[in-house]
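Shown next, in structure tokens, is the structure this report addresses.
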Amino acid sequence: MDKLAATRVIEPASAIRTSMKRRTPSGHSAIPHPIVRLLKKVLPPLVVFVLFIGGWELIVRLYGIASYILPKPSDIVSAAAHNSSNLIASVSTTIIEALIGFAISVVLGIGVAILLALSKTVEKSVYPYAIILQTIPVVAIAPIIVIWFGAGINAIVIISFLISFFPILSNTLIGLNSTDQNMKNLFYLYNASKLQTIWKLRFPAALPYIMAGLKISCSSAVVGAIVGEYIAGIGGGQGGLGYGITVAATRLQTPYLFACGLSAAVLGIVFFLIINLISNKLLKSWHESAMK
């Protein structure tokens with residue numbers, strides 16, 4: 001009797017849940033939960049963006065501010081469309097320079113961090129010089145880089161590398177040194193070599209720290225490439241966003257100057273989103289930072 005009563009109670013409830021999933025009170029199909037969650041995530045910043053752009057356009061129009069002082073968003077879009085070929089070429093050049101600089105910083109940053117983690121003596125001897133290199137302003141050593149490597153892509157890539165190198169080195173080293181001591185003792189009991197411990201224990205455990213460093217460095221590589229283009233860039237069709245910004249500022253082409261700056265910002269955001277996607281793929285199955 002009890003089982004029969006429970007069945008009678010459960011069946012209507014399940015039927016109600018099924019009908020609620022199928023239809024809303026208005027008679028239309030219910031919106032899937034992932035779409036609702038996406039809308040809640042996207043709509044607030046989208047509304048703020050629309051209000052900001054609309055207010056900017058309205059204020060500039062009402063006060064009649066000259067475009068060379070503060071251009072309207074419509075002026076920026078018009079300038080980007082009018083100079084689309086130059087803008088695309090500049091963005092492409094900056095992407096190549098930033099990618100090369102970032103790739104070198106990833107390889108050397110992780111490699112040097114592993115070498116430092118293998119020996120505390122080496123770490124104490126070398127790491128302070130890495131800190132000193134990070135504290136020296138790039139603008140101060142950029143002329144030396146230009147003298148040594150010449151103006152152009154070589155100097156720009158090196159400047160991009162110098163700016164994006166330290167966050168990867170620092171975060172990777174912190175991650176390698178943060179491995180659980182009990183796990184290291186277990187590997188020691190099984191007579192694992194230092195390289196085996198690094199590869200099979202310390203490096204996987206350091207992945208969250210490494211990905212955090214990559215997220216910082218990927219955007220820094222874009223900044224480094226643009227700074228390098230200011231100092232060591234070349235003009236014409238081979239010039240990047242830094243060269244485009246310099247030319248636009250010299251000619252008081254403020255709308256195009258804004259377009260180049262916004263393109264640089266979008267480029268940094270895209271780099272970050274790509275690294276963030278890779279990080280979620282690697283960490284979502286076991287690390288809390290990527291679990292949803």
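Hydrogens, waters and symmetry mates play no part in the numbers below; they use all other heavy atoms, side chains included.
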Are [X] and [Y] side-chain neighbours, meaning at least one heavy-atom pair lies under 4.5 Å?
X: Asn276; Y: Asn280; result: yes
X: Thr254; Y: Ile69; result: no
X: Leu99; Y: Phe271; result: yes
X: Leu186; Y: Leu201; result: no
X: Thr172; Y: Tyr209; result: no
X: Lys200; Y: Phe187; result: yes
X: Ile226; Y: Glu229; result: yes
X: His287; Y: Leu282; result: no

Could you label the plane-to-plane angle of the Trp56 and Phe258 rings as parallel, tilted or perpendicular, counting under 30° as parallel and over 60° as perpendicular?
tilted
Indicate the ring-plane relationship of Phe161 and Phe165, choosing parallel, tilted or perpendicular according to the 30° and 60° boundaries.
tilted
Taking all non-hydrogen atoms of both residues, which atom of [X] and which atom of [Y] are closest, and how far apart?
X: Leu87; Y: Ser263; result: CD1-OG, 3.7 Å
X: Ala142; Y: Ile159; result: CB-CD1, 4.1 Å
X: Ser105; Y: Ile168; result: OG-CD1, 3.6 Å
X: Gly244; Y: Cys260; result: C-SG, 4.2 Å
X: Pro255; Y: Asp75; result: CB-O, 3.7 Å
X: Ser74; Y: Glu57; result: OG-OE2, 3.0 Å

Might you work through the side chain to side chain contact (heavy atoms under 4.5 Å, CB included) test for Ile156 and Ile100, ending with a clear yes or no?
CA-CA 10 Å; Ile156 295 170; Ile100 297 174; over 6 Å; no
Any side-chain donor-acceptor pair under 3.5 Å between Ser164 and Ser220?
no
Assigning hydrophobic clusters by single linkage (Ile, Leu, Val, Met, Phe, Trp, Tyr; side-chain heavy-atom cutoff under 4.5 Å), is [X] placed with [Y]?
X: Leu207; Y: Ile198; answer: yes
X: Leu195; Y: Tyr188; answer: no
X: Ile144; Y: Ile153; answer: yes

Between Phe102 and Ser217, is a side chain to side chain contact (heavy atoms under 4.5 Å, CB included) present by the stated rule, with each step listed?
CA-CA 7 Å; Phe102 178 63; Ser217 293; 3.9 Å; yes
CD1 (Ile174) and CD1 (Ile210) are apart, to the nearest 0.5 Å, by 11.5 Å
Under the criterion side chain to side chain contact (heavy atoms under 4.5 Å, CB included), I'd like the reasoning laid out for Lys120 against Asn177: C-alpha separation, chi angles, the key distance, then a yes or no.
CA-CA 10 Å; Lys120 282 293 181 182; Asn177 291 333; 3.9 Å; yes
For Leu241, the option from Thr94, Val222, Ile95 that meets side-chain contact (heavy atoms from CB on, under 4.5 Å):
Thr94
Considering residues, nucleotides and ligands other than Trp199, do more than 12 of their heavy atoms fall under 6.0 Å from its CH2?
no
Could you give me the CA-CA distance, side-chain angles and deciding distance for Val138 and Ile163, then say whether side chain to side chain contact (heavy atoms under 4.5 Å, CB included) is met?
CA-CA 8 Å; Val138 175; Ile163 291 180; 3.5 Å; yes
